[in-house]
Structures are given as structure tokens and as C-alpha cells.
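Just so we're clear, the structure is a prediction, and the values are computed from it rather than from any experiment.
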Amino acid sequence: MSKQQLLTPYSKNITVNNRVVMAPMTRSRADNEGNVPTDDLHGLYYEQRASAGLIITEGSQVSAAAVGYINTPGIYTDAQVEGWKKVTKRVHDKDGKIYIQLWHVGGMSHPDFHNGALPLSASAINPNEKSYTPEGFKDTVTPKAMTIEEIQDTVADFKNGAVNAVRADFDGVEIHSSNGYLFHQFFNGTSNVRTDEYGGSIENRCRFFFEVLDAVKEVIPQEKIGVRFNPSLDGIFGMKMDEETIPTFEYIIKKLNDYNLAYVHLSEPFTDVSTIPFAVQEIAKHFRPLYNGTLMINSNFDQEKGNKVIEDGYADLVAYGKPYISNPDLVERFENNLELAPSDQDTFYVPGAKGYTDYERASK
């Protein structure tokens, strides 16, 4: 049997021992004052999964204003940096590679996280979703449209997050520009009705993201920056596709050829978009010809589909989410063609070790 493509090394800006990536997943385990990652939970969790070609951490807020889910870790205080240092050391001691995902949820947040103040977004449009607050799930509210000064402050927050990522010994950063969060709210014409330089045209709606990218690359090499997008997101996370949605992402991906990034991370549709006339149903296949760099693809891949998307030339790396929750040895299971263990969804977002660090490795 020929070598599985997923298990072959890859080197183009980013160098990995295999092409199996642990996708970023919110797990809500930073249940302490200051939302600090801890050695006994976060450290062990990521260490257990260090055989991945690359680990991308859960979304980590770049400021207090960026938070939108309970018990998520940040990367904006000294205590958080010190906590992450313990995590990266454990991964590096196992010869693993780990990036941190820099995150701002925008209008998907709730006033409960901001002492009653409104969350920030591109425009004052309620995403009509649920926010996971300390008092449970609550309906989102109409956010505050960001001022120019608040946009500039947020650019600085992402830059500072990248500085802190370097301090915490991460191998790189991923800018979370996906899944209906802040940058996606600017990209989308139904959530961004601004009339200034950050609204209207496709170029204007993408301006904020590129300002952040340009700021981040001032403090960390471009080859250590990844970016994530979800082009055909519709009907969830407050997003609604329109005729300009795919052209917007085509503009972004083509423009990213002017950079020298670690990778572009794309998601296949989360829902059935076959009835939406302007949606793209096969994201990797559509965007591969537009991008010259490393392309990572995510969402509902198994071992067979992961190998095939690389064999077909549509992606270079494949990111796995839920399979990594219950299979810390996912790479080894792929190597030995072993069955995957099921995960306990009741423990996805609760504090403690149960359903987090207690999944066992397979016996060959």
C-alpha cells in the first residue's frame, strides 16, 4: 500500500512532519480569573495531540472587548502569556508544532461580557444568534457599529496578540477571519452597511482585515502567519450570503498571493448550500486555482477524504476538528488504519478534565 498523503511531510513556508492538522476548537476550559490557560488542563490536552503536523489552538481573544464565549483563554495579559508558555513547552518537548488562533467575536458577543456595554461589530445589526454567557445561552443583541478609533484600537490589539504569541513561544499565529466573527462581519454585505472606507465596495469591506494582517506581519514573519475563512457560510453565526459573498473571498484569496503566508485555511460549507445560487459547494476545488501558497482545508473530513483531497491537488494540509477531541493519537490511528473513538458532546464546553484529557490512546 502506497504511503498515505496525509502522513507525508510538507514544506513550503511552513514545515510539518505530516499533513494532519488539529483544527482550532473552543473548549471553554479557562474557567479561572483572568481566563488563563493552565498546565494541567490545556498543557496536557495539547501535549497529548502533539503528533499532529500542526496544532492550531482554540480561538484566544486579543482583548477583553474581543471575548464572546465563557471560559475562553486570552492572549492579552502577562498571566495569559505565562500560561501559554507552559502549553507550548509541553508541545515542543514532544517535537510538536503549535500556532495560536487570534480571535475577536465582534457582534457574536453579549453585554454580559462587557459590564453591560454593547459588543462591537461592523454595523448595528443583530446576528440573531445565541451567546454562551456565564449565565448560559442568551440571545445576542444589536451591537455597536465600530468607530474608526475602535477599528484602529482593534488593529493594535491583534498586533499585540502576535507580540504576545512570540513571547509565549508559539510557532506562529492564525488570524481568525471566519465563521461569522468580527472580520467576517465586515466582509459580509448583509452585516456591513457602513458608508465609510470600511463599507460599500468589496475592497472597503476587506480593508480592516488587511490592516490587521499588515500590522501583524510587522511583529512576526509572514511565514509564521496563517489566516482562516469560511466563504460559503450561510444561515448560521448571523451570516447570510449574497451575490457579492464569493467574489469578496475571491478578492481576498487572490490578494493574499502578494503575501508570503504560512497557509490559507478554508472551510467547506457547514450546511447544505446547494439551493443557494451564488454559493460554492466545493470550496477547496474552487479556491485552489486562485492561491499559489499553502492551502489548508477543513470540515467533515475523514481519513479517506483527507487523503483524496491532497491526492487530487486541491489542498496541501487537512485540518481535523471533532476527531481530535476523542482521538489524541489521530495520526497514529491513521497510520495503523484503526477505528476512531466517538466523542462525548455533553463535555465539549464544560470545565474540567472529563471529556478533555481523559480520552485514551488506541492499543494496536
Side-chain angles (χ1 to χ4, degrees), residues 1-27 29 41-58 87-101 169-172 174 224 226 228 262-268 284 294-344 348 353 355-364:
M1 181 178 176
S2 62
K3 183 75 171 177
Q4 296 182 56
Q5 287 298 309
L6 281 169
L7 304 181
T8 59
Y10 178 82
S11 184
K12 184 176 180 179
N13 287 358
I14 189 170
T15 298
V16 292
N17 293 328
N18 60 70
R19 302 173 188 235
V20 180
V21 177
M22 179 178 172
M25 290 178 287
T26 294
R27 300 303 309 278
R29 256 60 180 199
L41 280 177
H42 298 82
L44 177 58
Y45 173 70
Y46 287 116
E47 177 190 2
Q48 290 172 336
R49 291 152 179 82
S51 62
L54 172 67
I55 291 171
I56 309 171
T57 73
E58 61 219 277
V87 175
T88 58
K89 183 180 187 306
R90 291 183 74 145
V91 171
H92 290 151
D93 284 349
K94 293 290 186 179
D95 296 320
K97 184 165 289 187
I98 184 168
Y99 277 34
I100 187 170
Q101 189 186 61
D169 299 322
F170 279 100
D171 296 295
E174 178 178 281
K224 296 184 176 183
R228 188 181 189 193
Y263 60 82
V264 167
H265 182 180
L266 302 178
S267 294
E268 295 290 351
T294 297
L295 189 68
M296 182 189 301
I297 192 65
N298 166 261
S299 190
N300 293 318
F301 282 86
D302 57 16
Q303 181 179 358
E304 180 182 358
K305 291 178 181 177
N307 279 306
K308 188 173 190 308
V309 75
I310 297 173
E311 289 168 3
D312 290 345
Y314 297 137
D316 304 299
L317 308 172
V318 182
Y320 291 86
K322 289 179 182 178
Y324 254 119
I325 291 178
S326 50
N327 299 276
D329 55 341
L330 187 64
V331 169
E332 291 81 1
R333 289 184 190 242
F334 283 173
E335 285 176 341
N336 295 286
N337 295 302
L338 300 176
E339 185 177 353
L340 300 189
S343 55
D344 177 8
F348 278 5
Y356 191 61
T357 56
D358 59 350
Y359 285 107
E360 297 182 358
R361 305 176 73 85
S363 56
K364 298 178 185 178

Taking C-beta and beyond as the side chain, do [X] and [Y] meet within less than 4.5 Å on heavy atoms?
X      : Y      : value
Ile310 : Arg19  : yes
Tyr263 : Asn13  : no
Glu174 : Thr57  : no
Tyr10  : Thr15  : no
Met22  : Tyr46  : yes
Val20  : Val318 : no
Thr294 : Leu317 : yes
Leu54  : Ile14  : yes

Examine the side chains of [X] and [Y] and answer whether a donor and an acceptor come within less than 3.5 Å of each other.
X      : Y      : answer
Tyr45  : Arg27  : yes
Gln5   : Asn307 : no
Glu332 : Asn327 : no
Arg228 : Asn298 : yes

Measuring from [X]:[atom1] to [Y]:[atom2], what's the distance to the nearest 0.5 Å?
X      : Y      : atom1 : atom2 : answer
Ile55  : Thr88  : CD1   : OG1   : 11.0 Å
Tyr99  : His265 : OH    : NE2   : 13.0 Å
Glu335 : Ser51  : CD    : OG    : 7.5 Å
Leu330 : Arg361 : CG    : CZ    : 10.5 Å
Gln4   : Asn337 : CD    : CG    : 5.5 Å
Lys3   : Leu7   : NZ    : CG    : 5.0 Å

Check: [Y] main-chain N/O paired with [X] side-chain donor or acceptor under 3.5 Å:
X      : Y      : answer
Asp171 : Ile98  : yes
Asp358 : Gly355 : yes
Asp302 : Glu304 : yes
Asp329 : Ala362 : yes
Asp316 : Leu295 : yes
Gln48  : Thr357 : yes

Minimum heavy-atom separation for [X] to [Y], with atom names?
X      : Y      : value
Asp344 : Tyr359 : N-OH, 2.9 Å
Met25  : Glu58  : O-CB, 3.1 Å
Pro342 : Ser326 : O-CB, 3.3 Å
Ile56  : Met296 : CD1-SD, 4.0 Å
Pro24  : Gln101 : CG-NE2, 3.3 Å
Ile325 : Ser343 : CG2-CB, 4.1 Å

Are there more than 12 heavy atoms of other residues, nucleotides or ligands under 6.0 Å from atom NZ of Lys97?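 Yes - once you tally the heavy atoms of other residues, nucleotides and ligands closer than 6.0 Å, there are more than 12.
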Assert yes or no for the condition that the ring centre distance of Tyr320 to Phe334 is strictly below 6.0 Å.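 Judged by ring-centre distance (under 6.0 Å), Tyr320 and Phe334 do meet the cut-off.
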